Amino acid sequence: MLVEHKHIKIPRYIQDLHPYVPGKTIAEVQDEFHPEQISKLASNENRLGCSPKVAEAIMNCMSTIQDYPDSASRELRGAIAKKLGVSESQIVIGAGSESVLGMLARTFLQEKDHVVTADVTFLGFRIQTQIRGVKRNLVSLTKDYRFDLRAMADAISDDTRMIYIANPNNPTGTYVTKVEFETFMSRVPEDVIVVMDEAYYEFAKEEPDYPDTVNMGYENVITLRTFSKAYGLAGLRVGYAVGPGELIRNMYKVKFTFEPSVTAQVAAQAALKDEAFLNETRTMVRSGKERLYRFCDKHGINYVPSHANSVMLIFDSEDQTTKFTLKMLKQGVILRQLTGFGMPNGIRITIGTDREMTHFEESCLRISNGSDD
Ligand SMILES: Cc1ncc(COP(=O)(O)O)c(C=O)c1O
């Protein structure tokens, strides 16, 4: 319950803040429902795990964990800069891209500012900007669940300081093309920062019309990437921003000094080197999506084709969606109903291993023939 403190004034925007509600953990589902198998398909993690080289790197750094980490993550920053073909001064690394979103809000926004984003997208941006008390202008997605860049450009006002685009978007999996992005940028004033959140970059980059925003030369674009998804390091917390050196230099001033941790930094370096694991992940996600589409087509389930590692399923009503999500949970399949994203008749399913996708399909079939109870 929210209690107004007798003496301390809590800002209205903090009182009104709804913190992020993560998907259920395996332990919570185990305790509540005791299913025979649990498939955690609610949080867009990598169901293959992570590169085996990560464990080795963490073991090797154990003798240094009594020391504070390198606050500038120099080695990791160098490795990322080399891979992306940019200068190290263009990169700042934090404890996940959520933390980097916090840095963006702390560095560039004040209470009187406005930001623009979509109504159905990753909630981290909304939360981190609300913490600064800014006004948010949420533009509806198009009918086919894509960022409506024309409407977003129309929504820019003199007070707009930042625009957020997740590309591909979470939870829809849709993406903005290079031409769409360039047309949009031609309408964005130079004093407005455009944040391109590319958490699912590794799953979309092969599309010929997907924009490589890191190398497009815009002076007001900051790109975010993460080790939480394709690299399978969500539990370690590493994400970063790439952008013009002057903007990044100012973000450094507000970064929590010692994030990410020693183990996170060495793990990310090891993960970055393991292309084979990355390819294995991409193959699993690609074939898992095709399998899911075939299953949905066969059983009349609506879905939005995705370029991320998850797919949004669309049901007829909130009630039906809530019941389905709960019945799946009881069978050990953790899915994400998208109520918090403003789409209560949507469910997001993370693409898992063959075993997990079989668990999903068999549980769906048990529900449809009534044998799940
Ligand atoms: C678009 C998007 N950005 C950022 C994040 C957060 O990633 P991280 O684990 O790096 O904080 C997510 C996680 O779901 C996401 O979907």
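As the structure is a prediction and not an experimental result, all values here were calculated from the model. Ligands are counted one by one from 1 in listed order, and the atoms in each one are counted from 1 as well. Positions are given from 1, in the same order as the sequence printed here.
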Kindly identify the option in Tyr200, Phe227, Phe122 whose heavy atom sits closest to atom 5 (C) of ligand 1.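 Closest candidate by heavy-atom distance is Phe122.
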
How far is [atom] from its nearest protein heavy atom, and which residue and atom is that?
atom	answer
atom 11 (O) of ligand 1	Arg237 NH2, 2.8 Å
atom 1 (C) of ligand 1	Asp197 OD2, 3.5 Å
atom 9 (O) of ligand 1	Ser228 OG, 2.6 Å
atom 13 (C) of ligand 1	Lys229 NZ, 3.0 Å
atom 7 (O) of ligand 1	Ser97 OG, 3.2 Å

In ligand 1, which numbered atoms sit nearer than 4.0 Å to a non-hydrogen atom of [X]?
X	value
Glu98	11 (O)
Thr226	8 (P), 10 (O)
Asn170	14 (O), 15 (C), 16 (O)
Gly96	10 (O), 11 (O)

Under 3.5 Å, is there a donor-acceptor pair linking the side chains of Asn169 and Thr174?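 Side-chain D/A pair, Asn169 to Thr174: absent.
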
Taking the six-membered ring of Phe360, is NZ or CZ of Arg366 closer than 6.0 Å to its centre and within 45° of its axis? no

For the pair Glu45 and Lys40, find out whether any cationic side-chain nitrogen is under 4.0 Å from an anionic carboxylate oxygen.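 Yes, this pair counts.
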
Under a 4.0 Å threshold between the charged nitrogen and the carboxylate oxygen, would Asp154 count as salt-bridged to Arg187? yes

State whether the number of non-hydrogen atoms from other residues, nucleotides or ligands found under 6.0 Å of Tyr68 atom OH is greater than 12.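 No - once you tally the heavy atoms of other residues, nucleotides and ligands closer than 6.0 Å, there are 12 at most.
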
Kindly assign one of parallel, tilted or perpendicular to the pair His307 and Tyr175, based on the angle between their ring planes and the thresholds 30° and 60°. perpendicular

Assess the pair Phe181 and Tyr218: is the distance between their ring centroids shorter than 6.0 Å?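 Under 6.0 Å, so yes.
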
